[in-house]
Amino acid sequence: MYALPNMDLWKGRTDSLIDKDEFRIHQIVKDNRTTSVNNTCGIIGFSCEEGVRRNKGRLGSKEAPNEIRKSLSSLSWHGQSADSLVDFGNVICENQKLEAAQAELGSHVEKILSKNLFPVILGGGHETFYGHYLGIRSSVGPNAKIGILNIDAHFDLRSYEDITSSGTMFKQILDNDHQAGYLPIGIQRYGNTKKLFDTATTLGCSWILEEELVDENSEENENKILNFINQHDYIILTLCMDVINASEAPGVSAPSSFGLSGKMVRQLIRKITSHTKTISFDICEVNPSLDCDNRTVKLAANLINEVFMCVERR
Ligand SMILES: N=CN[C@@H](CCC(=O)O)C(=O)O
């Protein structure tokens with residue numbers, strides 16, 4: 001099901017009604033039915049936790065898209081255009097019909113790209129990514145090489161023989177799309193079974209462990225990411241918030257005790273979304289019902305704002 005944008009969610013402190021240098025994001029975002037040449041990012045929500053339910057995770061992520069919008073609202077706007085951001089509303093997963101909802105999300109992602117906008121998708125569980133991917137594949141055609149960069153504690157390469165879920169998307173894609181490559185960044189050694197590491201190897205993937213993401217290795221890690229980008233025509237970026245340390249991101253289904261810092265994730269996002277091959281972004285697994293003082297939702301909003309800034313500056 002699709003819900004038109006609810007512009008009442010975009011509310012916050014107003015320092016000035018006319019001076020654009022005093023604007024906050026709630027004064028920048030427009031309903032997608034009023035477009036301008038200065039639009040850069042198209043926001044679409046995926047209100048869904050069916051994949052998390054099937055993966056036996058903790059429910060609550062379907063509330064994230066609107067909670068993230070509320071948190072984004074008050075951030076001050078440092079972009080160049082006062083018409084940069086456009087809200088395309090939410091796709092809602094109903095009656096546990098995950099596959100139909102993912103297909104519907106894909107068609108909205110495709111629509112946003114066709115308007116020359118950079119899709120910013122607010123998940124939902126990480127099953128959001130499969131819908132994101134469907135829209136991108138359909139937009140770029142079957143022959144383009146799509147590189148998937150996943151900032152995540154988990155491989156999400158589980159078997160989907162019985163059912164698809166928030167833990168199966170990348171295997172679903174890699175088994176069927178031989179023009180897609182996959183590089184997960186921030187993998188927790190003990191958050192994934194040995195079998196999942198073997199699955200990644202069998203599928204020809206490499207990965208960057210969380211414990212490898214330290215300053216001393218920064219050049220090596222950057223080169224690994226850049227080499228991956230160079231091997232593909234388009235890059236799509238997905239961020240699973242459970243990659244971030246549980247103290248900074250408690251509001252997720254599977255918190256990470258040794259997760260990355262928010263600042264490290266910010267650095268990765270800046271690098272990747274500043275690259276012109278990167279054509280879309282999603283953020284997943286924020287669970288407002290498990291959050292503490294809105295910490296995870298706020299961090300998600302700040303990271304999304306980094307994407308807005310990097311895309312506008314390209
Ligand atoms: N997308 C997350 N997938 C992880 C986490 C599962 C959970 O919610 O506990 C996984 O399948 O291992």
Side-chain angles (χ1 to χ4, degrees), residues 45-65 68 93 96 98-99 101-102 105 121-134 148-175 182-203 205 207-210 236-246 248-260 265 281-292 296-297 299-300 303:
F46 191 53
S47 178
C48 178
E49 59 193 16
E50 173 57 16
V52 177
R53 189 190 69 77
R54 294 182 187 182
N55 201 19
K56 304 177 182 69
R58 301 190 292 167
L59 299 184
S61 57
K62 71 176 163 53
E63 307 304 335
I68 293 173
C93 177
Q96 304 185 351
L98 175 58
E99 288 73 8
Q102 287 166 323
L105 174 62
I121 303 140
L122 314 177
H126 211 171
E127 66 272 22
T128 303
F129 179 75
Y130 194 71
H132 174 182
Y133 156 80
L134 289 176
I148 301 164
L149 285 174
N150 176 27
I151 307 175
D152 197 341
H154 305 100
F155 282 115
D156 290 342
L157 287 171
R158 292 176 187 275
S159 164
Y160 53 94
E161 219 166 50
D162 294 335
I163 198 157
T164 65
S165 74
S166 63
T168 63
M169 305 77 62
F170 304 103
K171 185 156 168 54
Q172 288 172 257
I173 295 166
L174 296 173
D175 280 349
Y182 180 45
L183 178 62
I185 305 168
I187 290 294
Q188 288 287 335
R189 194 186 297 277
Y190 304 123
N192 298 274
T193 58
K194 279 191 201 169
K195 185 174 169 184
L196 287 167
F197 280 89
D198 290 346
T199 305
T201 304
T202 309
L203 287 166
C205 309
W207 57 85
I208 303 177
L209 290 174
E210 161 271 317
I236 60 181
L237 176 62
T238 174
L239 167 62
C240 181
M241 283 294 284
D242 67 24
V243 77
I244 296 171
N245 191 281
E248 289 185 64
V252 295
S253 172
S256 288
S257 308
F258 294 118
L260 299 174
V265 172
F281 169 75
D282 72 55
I283 186 160
C284 296
E285 295 284 335
V286 171
N287 184 329
S289 68
L290 299 170
D291 210 359
C292 178
T296 317
V297 173
L299 179 56
L303 293 171

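Order of listing sets the numbers, starting from 1, for every ligand and every atom in it. Because the structure is predicted, anything quoted here is derived from the model rather than measured. In this chain, numbering begins with 1 at the start of the sequence shown.
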Chemist: Would you sort out whether S253 and N287 count as a side chain to side chain donor-acceptor pair (under 3.5 Å), showing the intermediate values?
Modeler: CA-CA 7 Å; S253 172; N287 184 329; 5.9 Å; no
Chemist: So, does T296 use its side chain to make a donor-acceptor pair with the main chain of C292 at under 3.5 Å?
Modeler: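 Side chain of T296 to backbone of C292, a donor-acceptor pair under 3.5 Å: no, none is there.
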Chemist: Give the protein residues with at least one non-hydrogen atom closer than 4.0 Å to an atom of ligand 1, ordered by chain and number.
Modeler: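 Answer by chain and number: N55, G57, H126, H154, D156, R158, S166, G167, S253, A254, E285.
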Chemist: Any sub-3.5 Å donor-acceptor pair from D152's side-chain atoms to I187's backbone N or O?
Modeler: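 Checked: no pair found.
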Chemist: Keeping E49 on the side-chain end and S61 on the backbone end, is there a donor-acceptor pair under 3.5 Å?
Modeler: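 Looks like yes, one N/O pair under 3.5 Å.
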Chemist: Here's a test for you: under ring pair (Phe, Tyr, Trp, His ring centres under 6.0 Å), which of F129, Y160, F155 qualifies with F170?
Modeler: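 Testing F170 for a ring pair (Phe, Tyr, Trp, His ring centres under 6.0 Å) against F129, Y160, F155 leaves exactly one candidate, F129.
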Chemist: T164 versus E127: any side-chain heavy-atom pair under 4.5 Å?
Modeler: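 No - every pair of side-chain heavy atoms lies 4.5 Å or more apart.
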